[in-house]
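Structure record follows, encoded as structure tokens.
Values below: all heavy atoms of this structure, side chains included; hydrogens, waters and symmetry mates excluded.
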Amino acid sequence: MDHRRRSHRLPSMAAAAALLCLTLLVVLPSAASAAASPADGCESERGSSGGRRRKHEPLWVFGDSYADTGNLGDLGRELTHSWYSPYGETFPRRPAGRFSDGRVLTDFVASALGMPTPVAYKGRRRASRDRLARGMNFAVGGAGVLDTGNFQRNISAQIDLFQAMQKQRRRGCARVAGNNNTGTALVVVSGNDYAYAADKDNGTSAAIAYIPTVVRELGYQLRRLRGEVGMRRVVVTNLHPMGCTPVFTRPLNYTGCDPLANAGAAQHNAALAFVLAALDPANATFLLLDVHTPFAAILLDDDRDNKNSRGFTSTLQPCCESFTPDGYCGEQDENGTRQYALCDDPRRYFYWDDVHPTQAAWAAVAATFKATVKSFMST
């Protein structure tokens, strides 16, 4: 999600489209293609553990704050909240660049595949050879499918970076059996592109009109991953119900969701489904990973007892809430005094801040797609 502090709240309609797209993308190439560290060159499929073939292919992640595990540099509390308290209080019990109280979507996708979370690109030089062999995360908060005005690498630039790194690793190395980029890509789309469009033109119409452009570019990057990069599988998530994020529910006193924002998310999802059907009519290469349904099952469920049975007593109000609508989680005044309220137990809240889920929420969502991901990867 957009990590910049908002200087003002968009009107309801403008905000609806403003929060329509955060993009994330995850890639799992073949084991040998990513085995070597940048400094050590290529490495055979056998890996660094003395001859045993690795059980899992590496996981490569591309996208935004829903996937970022530490790539957004520390630019100060106001611009990069994820490096400041109270972020990370659940895991790893300190601020570490994740936009949540704990683990984010990347962590749970890796877990679903039975593997550790891949190292963030920013931390690659401190990582062991074994960790690098498991892949890398290129996702960065504020990024979009296209440029979002946040000066972060968009999806295309992140894939460029991945390809450049792979080329560097292979330079001067003899090609070994299986040393290519084939694997699986997971793309998760969430909202920065539309936020940028709405903010730039101060209106919903510009953001809605931007949907075909964003989805078309997303489709191009999916084709690129399959064709140019050579991924065997591509998994892409749809948009969750954007109108249920606290940035939309706060003006409604947390009593309901913004229907226009949710309609925009549905329009994006329909367009994406059409693109995937054209790319892969047999559903053999591309998998649409549905995060919208589990989000909606919890956030749009009017049955309070059912919500409680899922473990969430608060679904539309965040655990970490700024004192003012234009504030942010973690904000302090000039005297270092908190300008936000913090809940006692993030496990009872679906949202951590005004746009990002808690670790508990991601765990609940991931539980619904774990079997699907494992089944798709086994084919």
Side-chain angles (χ1 to χ4, degrees), residues 1-4 16-27 60-68 71 105 137-164 181 184-201 203-231 233-240 242 261 263-281 285-292:
M1 206 41 130
D2 193 342
H3 62 275
R4 299 171 299 168
L19 199 61
L20 249 194
C21 170
L22 263 129
T23 308
L24 130 33
L25 194 144
V26 173
V27 181
W60 306 88
V61 184
F62 304 82
D64 54 34
S65 59
Y66 272 33
D68 189 353
N71 281 323
L105 185 56
N137 185 350
F138 295 88
V140 59
V145 176
L146 298 157
D147 291 332
T148 59
N150 291 328
F151 306 104
Q152 304 298 343
R153 293 186 183 95
N154 62 20
I155 293 300
S156 178
Q158 291 175 25
I159 297 174
D160 289 343
L161 185 61
F162 165 74
Q163 289 185 297
N181 291 332
T184 300
L186 168 67
V187 186
V188 181
V189 180
S190 309
N192 282 336
D193 296 279
Y194 302 127
Y196 176 64
D199 188 57
K200 182 174 142 182
D201 293 326
T204 301
S205 59
I208 295 298
Y210 204 34
I211 291 175
T213 301
V214 171
V215 175
R216 183 166 54 249
E217 175 63 17
L218 179 58
Y220 172 78
Q221 296 303 328
L222 296 178
R223 288 194 302 272
R224 179 184 173 194
L225 285 167
R226 179 63 185 93
E228 178 184 327
V229 178
M231 300 296 164
R233 303 181 184 92
V234 179
V235 181
V236 56
T237 64
N238 53 15
L239 280 174
H240 53 88
M242 314 302 292
Q267 184 175 339
H268 173 100
N269 291 345
L272 178 60
F274 181 83
V275 167
L276 290 180
L279 286 174
D280 182 26
T285 301
F286 292 87
L287 170 68
L288 181 63
L289 191 62
D290 182 14
V291 297
H292 184 278

query = Sub-3.5 Å donor-acceptor pair from the side chain of Asp193 to the main-chain atoms of Val145, do we have one?
reply = yes
key: Arg223 vs Glu228 side-chain heavy atoms within contact, under 4.5 Å   = no
query = Distance from Leu276 atom CG to Leu287 atom CG, nearest 0.5 Å?
reply = 9.0 Å
query = Taking all atoms of both residues into account, what is the closest heavy-atom pair of Ala197 and Ala207, and its distance?
reply = CB-CA, 4.0 Å
inquiry  = Rounded at 0.5 Å granularity, tell me how far NE2 in His268 sits from OH in Tyr194.
reply    = 5.0 Å
ask   = Around Arg226, counting heavy atoms of other residues, nucleotides and ligands shown, do more than 12 lie under 6.0 Å from its CZ?
value = yes
key: CG on Leu288 to CG on Asn238, rounded to 0.5 Å   = 5.0 Å
request  = If the plane angle is over 60° it's perpendicular, under 30° parallel, otherwise tilted; pick one for Phe138 and Phe162.
outcome  = perpendicular
message = Is it the case that the side chain of Gln267 and the backbone of Ile211 share a donor-acceptor pair, with hydrogens and angles ignored and the cut-off at 3.5 Å?
response = no
key: Donor-acceptor contact present, side-chain Gln158 to main-chain Arg153, <3.5 Å   = yes
key: Over all atoms of both residues, closest heavy-atom pair of Pro281 and Ala278   = CD-O, 4.0 Å
query = How about Leu218 and Ile155: do any of their side-chain heavy atoms sit closer than 4.5 Å?
reply = no
inquiry  = Looking at Arg224 and Asp160, is any side-chain nitrogen of the basic one under 4.0 Å from a carboxylate oxygen of the acidic one?
reply    = yes
request  = Could you tell me which non-hydrogen atom of Ala265 sits nearest to which non-hydrogen atom of His240, and how far apart they are?
outcome  = CB-O, 3.6 Å
ask   = Quick one: does Val214's side chain get under 4.5 Å of Leu146's, heavy atoms only?
value = yes
Atom pair CZ (Phe274) and CG (Asn269), whose distance is rounded to the nearest 0.5 Å = 15.5 Å
message = If we ignore hydrogens and angles and just use 3.5 Å, is the side chain of Asn154 paired with the main-chain N or O of Gly144 as donor and acceptor?
response = no
key: Any donor-acceptor pair under 3.5 Å from Asn71 side chain to Gly141 backbone   = no
query = Step by step, would you call Leu239 with His292 a side chain to side chain contact (heavy atoms under 4.5 Å, CB included)?
reply = CA-CA 6 Å; Leu239 280 174; His292 184 278; 5.6 Å; no
ask   = Asp147 side chain to Gly149 main-chain N or O, any donor-acceptor pair under 3.5 Å?
value = no
request  = Give the C-alpha distance, both sets of side-chain angles, the deciding distance and a yes or no for side chain to side chain contact (heavy atoms under 4.5 Å, CB included) between Val275 and Val215.
outcome  = CA-CA 8 Å; Val275 167; Val215 175; 3.7 Å; yes
task = Can you measure from CG (Leu222) to OG1 (Thr285) and round to the nearest 0.5 angstrom?
result = 11.5 Å
note = What one should report as the nearest heavy-atom pair of Ala67 and Ala139 is CB-CB, 3.6 Å
